[in-house]
Amino acid sequence: MSDNWTAVAMAFIALFLVGGIISFYKQGLKKGALLLAALAALATTAAVLWW
C-alpha cells in the first residue's frame, strides 16, 4: 500500500511542476520552464514506474 502512496505523491509533484511551467512561461523564463518540464517528465515517469 505504501508503494501506491509514493506513486500518488510523485504524480502530485508532477502536477505542481506543470503549474510552475505555466507560471515561468508567462513570465518569459523559458529556460526555467524547460527545466521544470524535464523535472515534471521525470516525476511522471517515476510515478508510472512505481505504480
Please say yes or no: joined through hydrophobic side-chain contacts below 4.5 Å, possibly via intermediate residues, are Phe24 and Ile13 part of one cluster? yes
Can you give me the closest heavy-atom contact between [X] and [Y], atom names plus distance?
| X | Y | result |
| --- | --- | --- |
| Thr44 | Ala14 | OG1-CB, 3.5 Å |
| Ile21 | Ala37 | CD1-CA, 3.4 Å |
| Met10 | Ala47 | CB-CB, 3.8 Å |

Quick test of your reading: applying side chain to side chain donor-acceptor pair (under 3.5 Å), list the pairs with at least one residue in residues 8-26, sequence neighbours left out, ordered by first then second residue. Ser23-Gln27
Enter the distance from [X]:[atom1] to [Y]:[atom2] here, rounded to the nearest 0.5 Å.
| X | Y | atom1 | atom2 | value |
| --- | --- | --- | --- | --- |
| Leu29 | Leu34 | CG | CG | 12.0 Å |
| Phe16 | Leu39 | CZ | CG | 11.5 Å |
| Leu17 | Ile22 | CG | CD1 | 11.5 Å |

For Phe12, which residues count as a side chain to side chain contact (heavy atoms under 4.5 Å, CB included) partner, sequence neighbours excluded? Val8, Leu15
